[in-house]
Structures are given as structure tokens and as C-alpha cells.
Amino acid sequence: MREIPKTYEPKKYEDKIYKLWEKSGFFNPDNLKLPKNAKPYTIILPPPNITDKLHLGHSSMLAIQDLLIRFHRMKGYRTLWLPGTDHAAIATHNVVERKLLKETGKTRHDLGRKKFLEEIWKFLHVTQKTILGQTRKMGASLDWSREAFTMDEERKVAVKKMFIDMYNEGVIYRGERIVNWCPRCHSTLADDELEYENQKTKLYTFKYAKNFPIAIATTRPETKLGDTAVAVNPKDERYKKFIGQIIEVDFFGVPLKIKIIADRNVEKDFGTGALGVTPAHSMVDWQMAEKNALPIVKVIDEDGKIKNNFGQFSGRTALEARELVVSELKKAGLLEKEEEMENNLSTCYRCGTAVEPLPSKQWFVAVDKKLKRLGNKSLKEKALEVAKQKKIQFIPLRFAKRYTDWMENLHDWCISRQIWFGHEIPVWYRSSEPHPSPLLNTGEGVKPLRTGEEVYVGDNPPVGKGWTQDPDTLDTWFSSGMWTFSTLGWPNNFKKNEKSGDLKKFHPTQVLETGYEIITLWVSRMIMMSLFAVGEIPFENVYLHGMVLDKFGKKMSKSKGNGIDPLDMIEKFGTDAVRLALLIGSTPGNDVRISEEKIESFRNFVTKLWNIYRYAATTHPDMQLVEKINPKDIKTLADKWIVSKSNILIAGLTNDLEGYKFSLAGEKLQNFIWNDLADWYLETNKIEKNEKVLGYVLDKILKLTHPFAPFVTEKIWTDMPASSADKMSPKVRPLARQRSNLDLLMVSKWPVSDKKLIDKKSEKEFEKLQKTVGQIRNLRSSYKIDPVRVITAYGKVANQGIIEKLARVKILEAKPPIGGLASVGKSLVKISDLGIDIAELIDTEKEKVRLQKEIENLTKLVSNTEGLLANKKFTASAPKEIVAQNKSRLKEYQEKLEGQKELLGNLG
RNA sequence: GGACGAUUAGCUCAGUUGGUUAGAGCGUUCGAUUCACAUUCGAAAGGUCACUGGUUCGAGUCCAGUAUCGUCCACCA
């Protein structure tokens, strides 16, 4: 007999098993022995940021995807799960910048662009491997031979090609947009580089001039020099009559042409309910200007000073100009009110200077431009169409709405970023005149670019005097938007609009599994870019998982100290337990709570599974796994029951997994293994041994559990002899198995439910047996009788021998029911010959109440079913079996109802 | 302000197109345990499915409204 330890020790086996899998080569679909027409099943791993360390969010994502991947691999799909990392431009930029400051006290500006980028690459060569190494710990069956990085050479080529293609079709264009500008650092700031300061400031209410009909309120009077409109709420009765008018005024020497426009974003109750629109120096105003085709007048320059041509105001700083405007307003008697208010001021995260919103030249992707290659539809239209036609399905469904809502409101996508780390923009300029907007940041300070410039876009940059490359970089999402096809060999595998190689084999992918917070940022971009580049959707399904929260439902964070480190948990409880804890109890789109206790309880489940194996292997030393059972070998009632239940489980689980109901599937599995197999079948198996059936059930649960808990199942599988084709003796077999990589559970065939083995009658009978045993045990303990002698209420005891052994009682004789009382209550057995009055066992009043309630319920059921059968719509359309089923149910209810009424009568 | 979600046992949550008398785990209570299982087993108690209406033969499930909580987005001139 083999020595099997009492508990499964994950630490001892997990790394070895992972290596065994990797060595087998089956993570790579090219090595799977499959028929030529095997369907592909592809998931591209959402690339984690290189700055990340594995956290529970990753673990959850990996557990779900690996479950899907392992399930489909076992089902015989050409299964590919492709790993990679994201350069995460801004995040990485920030991390390295902070590191630099901490270690050397230097800023990136001190280092200069070239040196800073070298620092970044040094950093990422170290961190990049960390996160992917940690994903191996989760048991992720990723094809490492296809690993990609959003900024490796292949992806650089792809990104450049995409930019050039889009530019050539006029999808990418250069335009102006408001950016956050720090007048001190002379640099643009991303939204998440802003810091907010709550400040007291003054709100001024005034009219531009005596002849202007509406007073406006503002905290920045100096920008009013650039106003081109006044916006009011369209429902505002006070101003309705002015909408559409253009009024010319003289604003202390500066002529203004103000159009009155309506915009629903204007609040009637704030200030005067009218808003002076300064397109060049406010994000919102810029959008209004776009909508209403307003002229844009720039007032403030890059140093935060008033530009030329603004008379007495020119050359002053914004604050000086503000004071001057206010004093002029006072002098002219135009200032109506001056009040204190709280304001949220955006400041530069580096120097704390107030940020100045300024327009600057940026590159954009036009989402509304009609394209020939998209059948004369725009990217937006096409991306909406595929969702509306359900070519792309969202799981859960409600997120389809979030996607379409967002898509419908999509504006052109600004893809240039004024940071140093990221994909270069394949654009070169040459000119002689200074550029009007010197905001393009070359890294070594601002160098003016020029007007009248020549622009070159392409991958054969002109060499020679005067040509400089665009110093900006591309938005991270531009490269990650291409992720499904750039990882599969686009553009090399896409010549003359024909897919080849991996792109042909694996695109479109089957599932994108990601967090719901990222639908707008990533999912929508991937869809548009894939439609543009490959002419097809990037994925057929989008599965959205929730966030992982602590046991109190709070976000995990370092500052709160409530974070759980998955690597610690793996160390402590094993990967399988962590995976199970993340999969069971989490439903699509909903957040999942996790705690150490939860993981621990799943470790117990793994131990249970291990001990089932231990029992099997020690009590049946020669036992083998049985893939297909000979009906002759199914002997006892318990055999029939467990085989039937196994086949129901197979069907249910397969169905659930196909429908993305992982939690439900996991629960069913756990229930079956723990409550049915371990608690009941193993107990009866001790009495009536049947190693064929045990081997059969074990074979099934190992396979069904594998996608959830791959390590422990693979370990048991490799240790356990199988009966399949191999003729070697069981004793040699385990060793042989380890030598042959063909015989891994990971690539075994997913079981198919055999309907012939489903036996509802035996199931019912066994359930009755379970109940009887439980009742006897309980009665026995309640009355402290040992050994117990029991007389059944009914004439005959089915499965008497088994019941006696399981409940450890002796059933003495069988007697018919004693009046009505014998069948009252849930128990089928009563003690009678032990000197206990049977009436003691029953609380008559309680029984009456219970019976009355039951009669009430049954009456309702009878009337409902009668109603259903009387409904012509139902009887005409429902299948015959269903109608018949309801008829027999009705009869059953009626009989039960009669019986219960009689019992109630007997009770008095 | 807009959108979406949640409200089911003491706690955490399932509940598949409406259809046997609403489920699980934890906790509580009562018992058992020489057994493959430091991590075992059997049982019990515990629910007006947030509230009010509606549709239906039938509603936890569909519709409308109310309340409370949460998430995202926008805005703070």
C-alpha cells in the first residue's frame, strides 16, 4: 500500500506541477493533438502594468480566465491564452520620477529626456518579469512562447503602422484642444497630475458694458477679455428672448463680440444664471465653443501673462490683470456684486502653481469620419453597430448599455501626450516661422515649432536640416487598443486584407475578461481599432468582473492596511484555495468580498478532496480511475444514486461554465464532492465496496474540479493509476505517467453526461434513505438509547441493512402505521418498543399549526395548477410532456391535500 | 445633476426564459464521532424576499412609483 500523507501540502507540489505543465508544452495550442478543424478559443490576457505587483484583483482575473481556458482546452478547443505587459506610460513615468527624486533628489528635467528614458528602461527590465512571474504562481496556463509587451519591437512597428494608416485615411488629424498648463514648469499636465486646493476666492458679478443686457458672474474677470459668448440655460425665462443675439461691446478698450447662446449645462441658480464663455481658457467653454462654432480668442500666454493686442492689459500677469479689470469695472459702475466663495483650484503637482488651461496642438482620432473601409460608416457608428447587433455580447448584459451610452457621446479621441515615455509619434516637421503655439514640449524645455511648416508622416523619416520629430508620445490606450491583433502578428499577418498565421488562427478572440471600470477606456478603443485595422471585432464576448473587496465590503488599500496579499495566501493555504475563494461567491459585474477565513475554508475543501483520494487509495489499493463505466458494475442503490448524480453534475456544470456561471458551478461541485460523495457515498462504500464506481466518480470529479483547482487535481491524477487504454500494471503506472507528458489531467477530455445513467427513481429512494438515517440518528441521541431498536412506521423497510449500518441501529420489526400519528412529522420512523410514549415525540399543537400551513400552501398550489391547465394559451402552446407533468402534479397535490386534511382531523 | 446597480435568514450572498411548499455557507442550539478528513458527521431553530400598487391562472423573478445604500460620469463659471 502506498503511503499517502493526511493532508495535501500545496507548497510541496505546486511549483513542480507547474513546471511539469510548462514542460509538456500544452500551454501552446500548436502542441495540442487536435483535429485540423478544431475550433479556436482565445483569450488575450489584459496586460498588467509593469509597475504592478500581483494583487487580489489580478488573482481574480487570472482565476477566471484560467478556468475558462482550462475548461475549453479539456473540451478540445484550440486554446490560446496569451500573456503580456503594458508599458502604462503615465503610471510608469510617475513611479520612476518619484523614485528618482527619492534616490537622487533630481527631477526628470534635471536629467533630460534621453537620460530619463534610460532610467525608465532600466527600471522596467527589472519589474516587467516580476508580475508575470507571479502570475505563474496562480497556476495560469499561459502560452509563454507568445509573450508580448506593448512597447517591444513588434508592437512598435504595429503602432507606427496604425498611426500612419489612420493618418492617411484622415482618421488621425492635428487639432487644438485645451490642456492643463503649468506656467512655471512650462509643461502640460495630465488630469491625474493635478492637485486640488480648496480656496476662498471672489466671485464678481458685472456687465461687460452699459449697453449689455445680461450680467454675468465669474471668478476670473481677466479672462473675460477673450469672451465670445454668454451662455444661459435654455429654460431660463429671464433670458430666453436674448438667445441668438450678437451684441458688440467695448470692454475697456477691448472690442468684444458676444453671442447669446443656450446650453443646458448652465445652472439657472448659480450667480446670475448667465455664464461668460471664454473658449480658450476653460474646458467647458471650449466644448460650448465647438458646439456653437464660436470664435476662439486667446488671452493668456504660456507665461501666464496677457497677450498682445489687449490694450492696457497686455503684458500683465493674470492676477494683475484681474485687479485692473475689477478696478475698471468699479470705476465704470458696472460691478454689481463681489462675494466670497469656495473654489476648487487645480494646481501643479510639482510646484503648486495654479494651472492655466490653454489651447494647444494635439493629435486626434476622428470618431465621426465616414470611412470607405467601414462601408462608409464612422468608427463610432460601426463600434455601436457591432454591439447593437450582438456581435459582441456583454456579460452581464447591463454593461452593454453603459458601452452604448458612452459610445454615443464619444468625442474625438486625443491621442498625444506631453510626456516622455511612450510610443513615439511618427511625424516630423520642418519650418522657418515660429509656431504660434509653442506648447510642444521637446523635453529640454520648450522649443518653438513653426508655422508654414512641412509635415511628414510615415516610417521613412526625412533626414537633414530642420526636420524634427514630434516630441510628444501616444496615449497608452492607443497601443493597448491594438492588443488583440498586435499580439497575433498584425501587420505582418495581414497582407492584402488577408489574415494569415496566428491572426488567422486566433482572431477574433472569444472572450475579453476585464474589470467594468475599464469599459470606456479600453474596451471601446479595442473595438474601434480592430474594426479599423482588421475589419472585424476583436472579441465575441466581454466578461466583466467586479472589484475585490475586504470582508467589510471596503476597497483594499495600503493606507487602510486591509489589503490581502495573494502571494501570502498562496504560501499559507495554497493556490487552489485562493482560486476557489475568488471564483465561488463572485458573480459577473458584482464585487466580491474576500477574507482570510474564506480562503481557509476552501483550503479545507481541498483537504477534503485529498482525503477522498486518500480513502480510495488506501482502502482500494489497486483501484483505477474509470472513464467509462460498464452498467453491470453499478450494483447497489448508492451506486446508482452517485452515478446518476455525477451525470447530472456533469451536464449542469458544463452548462453553467458555458454560461459564465462560475460561482454556481463551483458551488454545485463543492456540494457534490463534500455532501454527496464524501458524506454519503464513501460511507456506504465502506459497507458495500465498489471500486469501479468509486473510480468512475473520482475520474469525473478530478476532471470537473481541474479548472477550478488545477494543482491538487493534477497531483491526484498523476499519482493515481488509470484504467484507460494503457495495459501497464497499476503499480508501474504512476511512474510511467510522470514520464509521459501526454497523460496530464490538464489535457484530458472533459466528461460528457450519459443520460442513460441518470436514474431519478434511485435518487429519490436514496434521498429517502438519507433522511431516514438522519432521523434515526437524531432520535437515538435525543433519547440516549443504545443500542437502539427501531420499529418502522411503514410496513416495510427498504434498504434495511444499509440503514442499520449507517445509523448504527437494529431495526427489530416492521409494523403498520399506528393510526394517523405515525406519519405525522417529517420522520418516517418512530421508536415504540422502548417504553416511550409515542405522543411524547409529537407536540400536537405545533403539528396542527404546521399542518394548517401546509394545507394552505397545497390549496394555493392546486388552484394555481388548475388555473394553468384551464388556460387555453398554455394548453395550446406548451409541449405535451409539460401538460402531462402538470396534470400529474395536480393529482399529487390533491392527494396530498386530502391526506393532510385527514391527519389534521385525526389530531382532533 | 445624469446613468447604473443593490435591498432575500443574525452575518455574507445564490436564486438561470415567471411554475413543485424560497436555497447555501458562516454563526446559534441539540446530538454523534476508535472510521480517509488538526480541517469529521447528523439534525434543529431562523424569511410578510425593503415598501406601495399593477400585469398574470401563478410574482423573489416582469412593470410603475416610494425609501435607503452603493458605484461610475459630469459639474463647481
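Computation of the quantities below employed the complete heavy-atom set of this structure, encompassing side-chain atoms and omitting hydrogens, waters and symmetry-equivalent molecules. Here is the naming used below: chain letters follow the sequence lines, and residue numbers restart at 1 for every chain.
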*Asks:* Does B/G65 pair with anything, Watson-Crick or G-U wobble, both distances under 3.5 Å, and if so, with which nucleotide?
*Replies:* B/C51
*Asks:* Between the base of B/A36 and the side chain of A/Glu683, is one N or O donor paired with an acceptor at under 3.5 angstrom?
*Replies:*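 Yes, a donor-acceptor pair under 3.5 Å.
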*Asks:* Have a look at A/Ala217 and say if it touches a base, only the backbone sugar-phosphate, or nothing, with a 4.0 Å heavy-atom cut-off.
*Replies:* sugar-phosphate
*Asks:* Relative to the 5' end of RNA chain B, which residue comes earlier, A/Arg220 or A/Lys6, by the nucleotide with the nearest heavy atom?
*Replies:*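 Final value for this comparison: A/Lys6.
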*Asks:* Would you mind classifying the nucleic acid contact of A/Lys860 as base, sugar-phosphate or nothing, using non-hydrogen atoms under 4.0 angstrom?
*Replies:*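 Since no nucleic acid heavy atom lies under 4.0 Å of A/Lys860, the category is nothing.
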*Asks:* May I ask you to say what A/Thr607 touches in the nucleic acid, namely base, sugar-phosphate or nothing, with a heavy-atom cut-off under 4.0 Å?
*Replies:*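 It contacts base atoms.
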*Asks:* Using the side-chain heavy atoms of A/Trp674, tell me which of these nucleotides is nearest: B/U40, B/U16, B/C13.
*Replies:* B/U40
*Asks:* Classify A/Lys401 by what it touches in the nucleic acid, base, sugar-phosphate, or nothing, heavy-atom distance under 4.0 Å.
*Replies:*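 Here A/Lys401 touches the backbone only, sparing every base.
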*Asks:* Can you tell me how far C1' in B/U33 sits from the matching atom in B/G42, rounded to whole Å?
*Replies:* 11 Å
*Asks:* Anything under 30° is parallel, anything over 60° is perpendicular, the rest tilted; go ahead and classify A/Phe766 against A/Trp680.
*Replies:* perpendicular
*Asks:* Starting at the 5' end of RNA chain B and moving along, which residue's nearest nucleotide shows up first, A/Gly276 or A/Ser863?
*Replies:*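 Result: A/Ser863.
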*Asks:* Taking any strand in view, what nucleotide pairs with B/A3 in a Watson-Crick or G-U wobble way, both distances under 3.5 Å?
*Replies:* B/U71
*Asks:* Check the orientation of A/Tyr208 and A/Phe251. Use parallel for under 30°, tilted for 30 to 60°, and perpendicular for over 60°.
*Replies:*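 Rings of A/Tyr208 and A/Phe251: perpendicular, over 60°.
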*Asks:* Taking atom P in both B/U28 and B/U48, what distance in whole Å separates the two?
*Replies:*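 To the nearest whole Å, 23 Å.
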*Asks:* Could you tell me how far B/U17 sits from B/C13 if I compare only their C1' atoms? Round to whole Å.
*Replies:*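 Between the two C1' atoms, the distance is 23 Å.
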*Asks:* Using a heavy-atom cut-off of under 4.0 Å over every strand shown, decide if A/Asn871 touches base, sugar-phosphate, or nothing.
*Replies:*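 Answer is base: heavy atoms of A/Asn871 come under 4.0 Å of a base.
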*Asks:* Assign the ring pair A/Phe399 / A/Tyr516 to parallel, tilted or perpendicular, where the plane angle (0 to 90°) is split at 30° and 60°.
*Replies:*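 Ring orientation, 0 to 90° scale: parallel.
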*Asks:* With sugar-phosphate meaning primed atoms plus P, OP1 and OP2, does A/Thr587 contact a base, only sugar-phosphate, or nothing at under 4.0 Å between heavy atoms?
*Replies:*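 Here A/Thr587 touches the backbone only, sparing every base.
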*Asks:* Using a 4.0 Å heavy-atom cut-off across all strands, classify A/Asn886 as base, sugar-phosphate, or nothing.
*Replies:* nothing
*Asks:* Across the strands shown, which category fits A/Ala616 at heavy-atom distances under 4.0 angstrom: base, sugar-phosphate, nothing?
*Replies:* nothing
*Asks:* Do you know which two heavy atoms are closest between A/Gly276 and A/Val230, and how far apart they sit?
*Replies:*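 So the two residues come closest at CA-CG2, 4.3 Å.
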*Asks:* With a 3.5 Å cut-off and just heavy-atom distances, do the side chain of A/Lys661 and the base of B/U16 make a donor-acceptor pair?
*Replies:* yes
*Asks:* May I ask you to say what A/Lys873 touches in the nucleic acid, namely base, sugar-phosphate or nothing, with a heavy-atom cut-off under 4.0 Å?
*Replies:*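 Touches nothing.
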*Asks:* Students often get this wrong, so: under 4.0 angstrom with heavy atoms, is A/Leu682 touching a base, only sugar-phosphate, or nothing?
*Replies:*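 A/Leu682: base contact, heavy atoms under 4.0 Å.
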